[in-house]
2 protein chains.
Amino acid sequence: MKNNTNIDNQEDKIGKNFVFDENSCPVTATMKVLGGKWKPILINAIYLTAPARFGELKRSVKGITQSMLTQQLRELEDDGLISRKIYAEIPPRVEYTLTEFGLTLSPIMQAMAKWGEEYRINKQKA
Amino acid sequence: MKNNTNIDNQEDKIGKNFVFDENSCPVTATMKVLGGKWKPILINAIYLTAPARFGELKRSVKGITQSMLTQQLRELEDDGLISRKIYAEIPPRVEYTLTEFGLTLSPIMQAMAKWGEEYRINKQKA
DNA sequence: CAGTATCCCGTTAGATACTG
DNA sequence: CAGTATCTAACGGGATACTG
């Protein structure tokens, strides 16, 4: 739960003048990569249907628009989570796959999925 | 990584007409709770300084405004992650603590923190 | 088929002022 | 001290049209 790098500085124990800074929070960094409406779904979809084609994703991811799909795929690619393979064919074909690094998200996604389910149960009671 | 409840339906294996729906993605549900600019930092801050007072949080969480702090604390409370204890004193005192349920986020936060650090290293190389 | 380019809107976050 | 109320700015996401 220690998500502030200042924590490493033993001089600066959690005292009255300790400061929590968003820029040094690695959880926030992860959220930026996984955040937004489509990222988790897309990662999951690509994981389960790899190699995933653009048109397939457009059909299978309910409600996503073409521009959103392109944009999100670019961001995932820039973050090194997915790889994009272009086939010089007519009609054009592009396939997306999770990279090795993208696969390292697996335990986090699983933990989040499990927690999310418990959260729903918890909310229904409240 | 299976974050679509449809996955449980064995009739509907990942085929050509499989649909990924945002409403049935528990990862997205978790993201809504943990998402936004301040939630991870606040959860961490409350965890490390509990019982955390309003004024303390305002001072220690760098850059947060009073209205944002109030709003985020309310949301965390409504989600059952933190508890709010009011002391009928002058001057008024309010203390925030993680609930049992809030503490169950710990493994996720730790996993995300670890991944976020590796992501940063990965990005610097690219 | 797999995109790019624009324009638009709703939500989220920030600034400021006021109060029990 | 610990809030609430209100207004404004920024950004994520959506609709539509066009293209190699």
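Reminder, nothing fancy here: chain letters follow the sequence lines and each chain counts from 1.
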In dot-bracket form, how is DNA chain C paired, counting a Watson-Crick or G-U wobble pair only if both its distances are under 3.5 Å and using | for bases paired to another strand?
||||||||||||||||||||
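To the nearest angstrom, C1' of C/dA5 lies 17 Å from CG of A/L69. Rounded to a whole Å, the CE atom of A/M68 is 13 Å from the C1' atom of C/dC7. The nearest whole Å value for the distance from the NZ atom in B/K62 to the C1' atom in C/dG14 is 17 Å. Taking atom CZ of residue B/R74 and atom P of nucleotide C/dT12, one finds them 18 Å apart after rounding to whole Å. At whole-Å resolution of the value, CG in B/L34 and C1' in C/dT12 are 17 Å apart.
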Using salt bridge (charged side-chain N to carboxylate O under 4.0 Å, His left out), reason through B/D79 and A/K123 one step at a time and then give a plain yes or no.
CA-CA 7 Å; B/D79 283 334; A/K123 283 297 264 188; 3.4 Å; yes
Salt bridge (charged side-chain N to carboxylate O under 4.0 Å, His left out) evaluation trace for A/K58 with A/E56
CA-CA 5 Å; A/K58 185 163 173 272; A/E56 273 173 26; over 6 Å; no
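Within 4.0 Å of B/E75, counting heavy atoms only, lies no atom of the nucleic acid at all. If you check every strand for non-hydrogen atoms under 4.0 Å, A/Q66 touches a base. In this structure, B/T65 reaches the sugar-phosphate backbone alone: every heavy-atom distance under 4.0 Å involves primed, P, OP1 or OP2 atoms, never a base. Across all strands shown, A/Y96 has heavy atoms under 4.0 Å from sugar-phosphate atoms exclusively, and none from any base.
Contacts classified as salt bridge (charged side-chain N to carboxylate O under 4.0 Å, His left out) and involving residues 96-114 of chain A (residues at least two apart or in different chains) are not found.
No side-chain heavy atom of B/M112 sits under 4.5 Å from any side-chain heavy atom of B/M109. For the pair B/E22 and A/K37, the minimum side-chain heavy-atom distance is below 4.5 Å.
Extent of DNA chain D lying under 4.0 Å from chain A heavy atoms, first and last nucleotide in 5' to 3' order, is D/dG13 to D/dG20.
Residue order along DNA chain C, read from the 5' end via each residue's closest nucleotide, puts A/V94 first among A/E22 and A/V94. Nearer to the 5' terminus of DNA chain D, by closest-nucleotide assignment, is the contact made by B/E56 (compared with the other of B/S67 and B/E56).
Side-chain N or O atoms of A/T65 include one that pairs as donor or acceptor with a backbone N or O of A/M68 at under 3.5 Å.
Linking Ile, Leu, Val, Met, Phe, Trp and Tyr whenever their side-chain heavy atoms come within less than 4.5 Å puts B/L103 and A/V27 in one cluster.
Taking the six-membered ring where tryptophan is involved, the planes of A/F54 and A/Y96 are tilted, since the angle between them lies from 30° to 60°.
Checked against the 6.0 Å centroid threshold, A/F20 and B/W38 do not count as a close aromatic pair.
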